[in-house]
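All remarks here apply to the structure that follows.
Chain letters run A, B, ... following the sequence lines, proteins first, then strands; residues in each count from 1. In this text, all values refer to a predicted model and were calculated from it rather than measured experimentally.
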Amino acid sequence: MKLTGRKIYKGMAKAEAIVTKDGISFYGGVDPDTGIVVEVGHELEGQSVTGKVLVFPSGKGSTVGSYTMYRMKKNNTAPAAIVNKEIDTIIAVGCIISEIPCVDKIDINNIKTGQIISVNATEGLIEL
Amino acid sequence: MKLSQEEQEMLNGKYGKAAKKSMEILITLGEIFDADSMVEVTGVQIAGVSYANLDEAGLEFLNEMAEDGKVKVLTTLNPAGMDRENWQALGIDENFAINQNRAIDAFAKMGIITTCSCTPYLIGNSPHFGQHLAWAESSAVCYANSVIGARTNREGGPSALASALTGKTPRYGYHLDENRYGEVLINVKTFVSGTDQFGILGKFVGDKLVELGKKIPYITGVSSATVEELKSLCASVATYGGAAMFHMENITPEYNKYPKPSKLVVEISQDDMDKARSELTDSDIEIDFVSIGCPHASLHEIATIAKLLEGKKVKKEFWITTARPTKKIADQAGYSKTIEDAGAKFAADTCCVVAPIKGRFKGIMVDSAKACYYGRAKNKFKVKIGTIQECIEEAIK
């Protein structure tokens with residue numbers, strides 16, 4: 001299946017999807033040293049987002065989250081790509097400064113954890 | 001988005017890596033928010049200065065931008081995590097101080113004025129009516145839009161830095177007339193005066209905005225307001241309601257530019273104010289810390305504190321948080337000596353929101369509703385709000 005969205009930051013990635021219906025706050029919500037979601041009660045609590053296509057509705061929380069994403073990129077703990085339903089400024093800026101491919105305006109209900117996804121963020125396309 | 005030749009060249013890398021990265025950030029934000037073009041900004045205020053928030057990640061990003069980035073417009077900084085001259089007396093860890101200075105050095109390398117204040121409008125980053133800005137720091141954003149009538153969105157640290165390095169911001173949101181009209185009429189039916197009461201008013205209005213899902217209140221029934229009262233209100237309505245601007249009848253410059261909202265009307269009685277005040281005071285509080293200056297204390301507030309503290313001795317840790325330039329004028333005027341002789345401390349360049357003081361005190365008394373919010377949420381203190389005079393009475397008790 002092919003889905004068309006909007007390019008937020010360019011690039012290509014092919015990896016396993018990790019999907020949540022919860023918003024993500026990288027600042028305080030994800031450990032930048034391990035890539036593991038640490039927000040208490042989060043659907044992905046205890047799971048690693050490293051090297052995966054991270055699929056979630058939208059970002060939340062502090063604007064410092066953009067810097068946390070940058071730190072994950074430098075630590076090699078960042079996701080391979082990000083797919084959102086509706087982008088917010090924290091995730092958008094985080095993807096730009098960290099050079100993480102990112103697409104939004106995707107119906108994320110179509111994507112299941114564990115599926116292999118190709119992301120062509122430059123064209124705003126994803127393929128399951 | 002339509003780009004000028006200069007903007008296109010920045011994007012292509014003609015002006016270096018930092019300008020290119022900045023333009024990528026601004027264009028992406030512009031596209032997300034349907035901006036048709038960029039607008040030139042005359043000033044920038046950058047948040048995300050405290051090392052406690054930046055951490056190594058933020059610092060690495062700043063250093064990368066500082067390799068070839070230089071500001072194009074007047075740019076100032078938000079409070080840092082410590083007083084840059086007096087950090088030892090305030091109990092700040094040496095390692096933290098070293099890292100905080102590394103961050104400030106990176107900003108300085110880009111040509112940013114490292115004043116470290118949340119009140120840039122009091123110390124020379126002073127826009128006038130109608131100017132476009134890219135300001136972070138929610139209280140200053142609200143002050144610029146509402147009290148001055150300048151125009152800025154609520155920027156984050158990286159987007160404000162991107163505007164500083166390019167002199168541009170995407171034209172959307174509060175830059176456009178159609179997004180600046182009042183949506184809900186707030187009719188204040190009781191007398192409001194003093195920084196504490198204006199802060200409490202801001203909490204009530206902010207909570208109401210969240211409840212109603214609205215952004216811009218139009219406040220009537222306030223007969224007069226000082227700069228200090230307005231800065232307290234701005235901080236509070238931004239903290240509790242996420243508001244970037246308000247109108248206040250007969251007081252703010254754009255109050256009669258747009259129609260007064262008539263469909264959605266909220267009245268505030270003395271009972272409402274009392275209730276909001278009680279929500280900002282924890283019942284079983286044991287106060288061991290008093291602080292004034294959220295947002296940063298003005299010269300007038302420092303003069304008031306000096307007068308109240310003259311010949312007295314404080315018995316509790318007491319910080320006056322302010323901008324370094326304001327502190328220097330207070331030094332010359334003799335206020336600082338009076339205050340320090342009484343045992344109170346200045347914490348310039350920093351504030352109780354961003355300094356690494358989590359858990360260091362049990363209970364804090366302040367005159368600021370914003371400081372109550374962060375005192376509780378971030379620093380895990382119990383809180384109490386009162387007038388400046390009441391704060392000082394508590395400190396010397």
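The part of K10(A) that comes within reach of chain B is its side chain, from C-beta onward, which places non-hydrogen atoms under 4.5 angstrom from that chain. With a 4.5 Å cut-off on non-hydrogen atoms, I32(B) touches chain A through its backbone and its side chain both. Using a 4.5 Å cut-off between heavy atoms, E99(A) touches chain B through its side chain atoms alone. For E31(B), the part lying under 4.5 angstrom from a heavy atom of chain A is the backbone only.
Heavy-atom neighbours of K60(A) NZ from other residues, nucleotides or ligands within 6.0 Å: above the threshold of 12. More than 12 heavy atoms of other shown residues, nucleotides or ligands fall within 6.0 angstrom of atom NZ in K378(B). Other residues, nucleotides and ligands contribute only 12 or fewer heavy atoms inside 6.0 Å of the OH atom of Y373(B).
The two atoms that bring A57(B) and Y67(A) nearest to each other are CB-O, 3.1 Å, heavy atoms only.
To the nearest 0.5 Å, atom SG of residue C95(A) and atom CD1 of residue I25(B) are 11.5 Å apart. With rounding to the nearest 0.5 angstrom, the NZ atom of K74(A) is 10.5 Å from the CZ atom of F61(B).
A side-chain contact (heavy atoms from CB on, under 4.5 Å) with T28(B) is found for exactly one of T89(A), I96(A), I87(A), V93(A), namely I96(A).
There is no side-chain donor-acceptor pair under 3.5 Å between E56(B) and Y70(A).
Salt bridge status for E60(B) with K73(A): absent, with no side-chain N to carboxylate O gap under 4.0 Å.
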